*Asks:* 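I'd like to ask some things about the structure below.
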There are 2 protein chains.
Amino acid sequence: MPLEIPEVVIDRLPIYRGLLSRIMDQGRTVISSHELGIELDVTPAQIRKDLSYFGRFGKQGKGYIVQDLLDELENILGLDRRWTAVVIGIGRLGRAVASYPGFEEEGFDIVACYDTSPDVIGTEINGIIVQSIDDLPNDLKTKSINIGIVTVSSEYAQKVTDLLINGGVTAILNYTPSRVQVPREVELRNINPVLFLQSMTYHLKKLFDEN
Amino acid sequence: MPLEIPEVVIDRLPIYRGLLSRIMDQGRTVISSHELGIELDVTPAQIRKDLSYFGRFGKQGKGYIVQDLLDELENILGLDRRWTAVVIGIGRLGRAVASYPGFEEEGFDIVACYDTSPDVIGTEINGIIVQSIDDLPNDLKTKSINIGIVTVSSEYAQKVTDLLINGGVTAILNYTPSRVQVPREVELRNINPVLFLQSMTYHLKKLFDEN
DNA sequence: AAGTGTGAACAAGTTCACAGCC
DNA sequence: GGCTGTGAACTTGTTCACACTT
């Protein structure tokens with residue numbers, strides 16, 4: 001555990017956790033790295049190595065106690081508590097995001113929504129009244145807000161991101177196709193479906209060219 | 001070009017292309033790998049190496065002609081033509097996806113939408129009438145459909161994916177939190193915002209624990 | 001016997017550094 | 001002089017293989 005942990009390992013832990021959670025629901029109590037690997041299509045060694053960065057959670061000759069490993073992963077990832085998020089930009093996407101039940105189910109509470117349009121401010125989504133973006137800086141001071149979800153249109157992405165960061169938010173989920181600049185200590189994840197499509201077409205093209 | 005090209009390189013090309021497109025709009029005609037690197041926060045060597053897998057596009061002592069490199073990238077990625085996609089599952093997310101203007105702008109035409117609910121079938125999104133999922137297999141035979149976008153609820157993800165693959169679709173964008181199985185030759189990309197949040201909380205937790 | 005945990009071997013990916021060219 | 005293209009060096013990440021534990 002004194003070791004530097006690769007970021008790719010951190011990114012895989014939520015995947016392991018998701019699978020373990022499903023396995024728990026199925027009522028299984030013990031599982032080996034081999035079986036986990038088959039489900040996820042990764043090598044058992046990968047899973048064991050990844051987990052070894054954090055401790056020794058398995059039972060030799062047996063495997064992992066599903067419940068125990070799940071607890072360990074949730075502890076490591078900080079999923080043994082709830083986190084708060086705000087959604088900024090309540091267009092079609094923002095509305096879909098703000099009302100997605102998966103966030104609450106997984107421990108992420110959307111506590112406020114913001115927009116600039118008077119047509120949208122005051123309307124309700126998922127039990128939350130949409131506020132003016134002008135309220136954001138003050139809300140960031142007075143409420144505890146962990147994560148900013150940015151679903152504004154591209155041109156405001158950087159501005160909104162800066163507002164969040166100035167208000168002390170250190171985790172940003174950017175649904176905008178813009179690449180935003182953040183200080184090194186801020187966690188940023190980008191969701192840009194077009195980039196996925198554009199890497200898939202590389203392979204599609206090859207297929208088409210063959211025939 | 002006879003070399004095997006790493007998948008990570010393919011994944012970066014759309015990012016380069018996006019930046020070049022922006023730079024074109026700004027009216028710049030020539031740019032160096034160094035300048036591109038600053039914009040994207042990657043090393044110039046990375047960019048030059050990535051491009052070198054596909055050819056020699058730069059001018060020594062000068063840099064890259066923006067227009068030329070953009071054309072090359074679009075050719076490599078197959079973005080010099082339009083592609084067709086269908087959206088399956090017209091809930092809040094499916095509606096947001098189907099009406100997202102970014103797809104059309106970037107050359108991806110949503111040509112049909114499908115759902116199972118009689119309340120949704122027959123309604124219009126973005127000029128397209130939502131059809132019954134029962135129409136999908138036949139449509140896949142008669143129309144040319146390149147990409148399947150899956151926005152159904154989790155439990156139907158695999159079933160819908162199988163329908164698409166049986167109909168000959170070889171590129172799937174899965175917005176579902178379920179991990180679906182596909183044959184090796186099918187391109188699959190998953191969009192699961194919760195996994196992003198869960199890796200960010202690892203870092204948030206560390207921050208909280210320090211103070 | 002079965003399956004973990006892990007150093008060592010290997011593979012993949014990134015950066016360096018410089019020859020070559022404009 | 002400046003910047004590309006690219007082998008070579010290096011770094012990072014993955015897999016192997018086996019000692020060890022139950």
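By convention in this document, chain letters (A, B, ...) are assigned in the order of the sequence lines, proteins followed by strands, and residues within each chain are numbered from 1. Remember, it's a predicted structure, so these values are computed and weren't measured experimentally.
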*Asks:* Indicate the atoms forming the closest heavy-atom contact of A/Pro6 with A/Glu4, along with that distance.
*Replies:*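 Shortest heavy-atom separation between A/Pro6 and A/Glu4 comes out as CD-O, 3.5 Å.
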*Asks:* Taking atom P of D/dG2 as reference, at what distance in whole Å does atom OH of B/Tyr64 sit?
*Replies:*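 For the pair B/Tyr64 OH and D/dG2 P, the rounded distance is 18 Å.
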*Asks:* By a strict heavy-atom criterion of less than 4.0 Å, which residues belonging to residues 11-39 of chain A are in contact with DNA chain C?
*Replies:*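 Within residues 11-39 of chain A, the residues near DNA chain C are A/Ser32, A/Ser33.
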*Asks:* Rounded to the Å, how far apart are B/Phe57 CZ and C/dC22 C1'?
*Replies:*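 My rounded result for the distance is 18 Å.
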*Asks:* Within this structure, what is the CD1-to-P distance between B/Ile47 and C/dT14, rounded to whole angstrom?
*Replies:*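 Roughly 12 Å, once rounded to whole Å.
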*Asks:* Take atom CZ in B/Arg92; do more than 12 heavy atoms of anything else shown fall under 6.0 Å from it?
*Replies:*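 No - once you tally the heavy atoms of other residues, nucleotides and ligands closer than 6.0 Å, there are 12 at most.
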*Asks:* Rounded to the Å, how far apart are B/Glu7 CD and D/dG13 P?
*Replies:*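 After rounding, the gap between these two atoms is 18 Å.
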*Asks:* What is the distance from CD of B/Glu4 to P of C/dG13, rounded to the nearest Å?
*Replies:*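 To the nearest whole Å, that distance equals 10 Å.
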*Asks:* For atom CZ of B/Phe57, decide whether the heavy atoms of other residues, nucleotides or ligands shown that lie under 6.0 angstrom number more than 12.
*Replies:*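 More than 12 within 6.0 Å, yes.
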*Asks:* Grab the CD-C1' distance between A/Glu72 and C/dT4 for me, whole Å please.
*Replies:*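 Atom-to-atom, A/Glu72 to C/dT4, this comes out as 15 Å.
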*Asks:* Can you build the contact string for nucleotides 15-22 of chain D? Use B for base contact, S for sugar-phosphate-only contact, and - for no protein heavy atom under 4.0 Å.
*Replies:* BBB--BBS
*Asks:* What integer distance in Å separates B/Leu51:CG from C/dG13:C1'?
*Replies:*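 From B/Leu51 CG to C/dG13 C1': 16 Å.
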*Asks:* How close or far is atom C1' of C/dA12 from atom CD1 of B/Ile5, stated in whole angstroms?
*Replies:*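 Roughly 15 Å, once rounded to whole Å.
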*Asks:* Check whether more than 12 heavy atoms from other residues, nucleotides or ligands sit under 6.0 Å from atom NZ of B/Lys205, and answer yes or no.
*Replies:*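 Result for NZ/B/Lys205: enclosed.
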*Asks:* May I ask you to evaluate whether A/Tyr53 reaches the phosphate of D/dG13, defined as a side-chain N or O under 4.0 Å from OP1 or OP2?
*Replies:*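 It does not, given that no N or O in the side chain of A/Tyr53 lies less than 4.0 Å from OP1 or OP2 of D/dG13.
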*Asks:* Tell me whether B/Arg28 is salt-bridged to B/Glu35, with the criterion being a basic N under 4.0 Å from an acidic carboxylate O.
*Replies:*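 Yes, B/Arg28 and B/Glu35 are salt-bridged.
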*Asks:* Can you pull out every ring-ring contact (aromatic ring centres under 6.0 Å, His included) where at least one residue sits in residues 188-211 of chain A? Sequence neighbours excluded, please.
*Replies:*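 Residue pairs passing ring-ring contact (aromatic ring centres under 6.0 Å, His included), neighbours aside: A/Phe208-B/Trp83.
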*Asks:* Looking at B/Glu39 and B/Arg22, does any basic side-chain N land under 4.0 Å from a carboxylate oxygen?
*Replies:*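 Result for this pair is yes, salt bridge flagged.
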*Asks:* Would you say the side chains of B/Asp135 and B/Tyr114 form a donor-acceptor pair under 3.5 Å?
*Replies:*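 No, B/Tyr114 and B/Asp135 have no side-chain donor paired with an acceptor closer than 3.5 Å.
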*Asks:* So does B/Thr84 get a backbone contact from the side chain of B/Asn146, meaning a donor-acceptor N/O pair under 3.5 Å?
*Replies:*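 Side chain of B/Asn146 to backbone of B/Thr84: a pair is present.
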